[in-house]
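Some notes on the structure that comes next.
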Amino acid sequence: MIPAAWSNEFNPKDHINVEIYIDLINFITESEFSQIISGLLINKASGPSTITYESVKHIGPLCHSIIMKLLNVCLHTTFIPNS
């Protein structure tokens, strides 16, 4: 529940064009995903997952497809796993 003092902040604003949000619900395309993957920098430290960008770049098309599908499911369901 939103506290009464904040409820107005979550109401639609007349001065904001809602059209700017339309692309936020689009699925990630193969070309977008490929562009992001190709732009990943190598020789960077991994995060908590210990998966490096270099590993992601070289895992191959099947794994890229699986990752893209997983990301699209997260966007569609608005569920983002903790780990």
Side-chain angles (χ1 to χ4, degrees):
M1 174 161 251
I2 300 171
W6 282 92
S7 64
N8 189 45
E9 296 300 319
F10 290 91
N11 289 331
K13 307 294 184 227
D14 293 333
H15 65 280
I16 297 176
N17 182 356
V18 295
E19 297 292 319
I20 65 173
Y21 299 108
I22 288 184
D23 288 337
L24 293 178
I25 59 173
N26 290 345
F27 286 119
I28 300 166
T29 65
E30 287 185 39
S31 62
E32 289 172 324
F33 187 79
S34 294
Q35 183 179 2
I36 295 299
I37 296 299
S38 67
L40 293 175
L41 300 174
I42 57 173
N43 297 324
K44 297 289 181 183
S46 64
S49 70
T50 69
I51 300 171
T52 64
Y53 288 160
E54 188 169 7
S55 297
V56 173
K57 284 183 112 166
H58 298 292
I59 56 174
L62 176 61
C63 287
H64 283 176
S65 176
I66 292 168
I67 291 170
M68 190 177 71
K69 287 178 184 177
L70 175 63
L71 292 172
N72 280 324
V73 167
C74 290
L75 289 172
H76 180 70
T77 63
T78 68
F79 177 75
I80 300 174
N82 291 329
S83 57

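Predicted model only: the values in this text are computed from it and were never measured. Computed from heavy atoms alone, side chains included, the values below leave out hydrogens, waters and symmetry copies.
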- Note on the structure: Residue set satisfying ring pair (Phe, Tyr, Trp, His ring centres under 6.0 Å) with H58, at least two apart, ordered chain then number -> none

- Message: Let me confirm one number: the CD1-CD1 distance from I67 to I28, rounded to the nearest 0.5 Å.
- Response: 11.0 Å

- Query: With clusters built from Ile, Leu, Val, Met, Phe, Trp and Tyr whose side-chain heavy atoms come within less than 4.5 Å, directly or transitively, what are the remaining members of the cluster of F10, listed by chain and number?
  - Reply: I2, W6

- Message: Could you list the cluster mates of V73? Members are the ILVMFWY residues connected by side-chain heavy atoms closer than 4.5 Å, either directly or through other members.
- Response: none

- Message: Using 0.5 Å steps for rounding, measure from the CG atom of L71 to the CD1 atom of I36.
- Response: 11.0 Å

- Message: Distance check, rounded to the nearest 0.5 Å: N72 atom CG versus T77 atom OG1?
- Response: 10.5 Å

- Task: Starting from I66, walk the hydrophobic network (Ile, Leu, Val, Met, Phe, Trp, Tyr; side-chain heavy atoms closer than 4.5 Å) and list everyone else you reach, by chain and number.
- Result: L62

- Item | Residue pairs passing the ring-ring contact (aromatic ring centres under 6.0 Å, His included) test where at least one lies in residues 14-36, sequence neighbours excluded | F27-H76, F33-H64

- Task: Tell me, please, which residues at least two apart from K69 pass side-chain contact (heavy atoms from CB on, under 4.5 Å).
- Result: S65

- Message: Just verifying a value: how many Å separate N11 CG and N8 CG, rounded to the nearest 0.5 Å?
- Response: 5.5 Å

- Task: Locate the shortest heavy-atom distance separating K57 from I42; write the atom from each residue and the value.
- Result: CD-CG2, 3.9 Å

- Query: Taking only residues two or more places apart in sequence or in another chain, which ones pass side chain to side chain donor-acceptor pair (under 3.5 Å) with D14?
  - Reply: none

- Query: For residues 27-48, which residue pairs qualify under side chain to side chain donor-acceptor pair (under 3.5 Å), counting only residues two or more places apart or in two chains?
  - Reply: T29-S31, T29-E32

- Item | Test side-chain contact (heavy atoms from CB on, under 4.5 Å) applied to E19 - qualifying residues, sequence neighbours left out | N17, I22

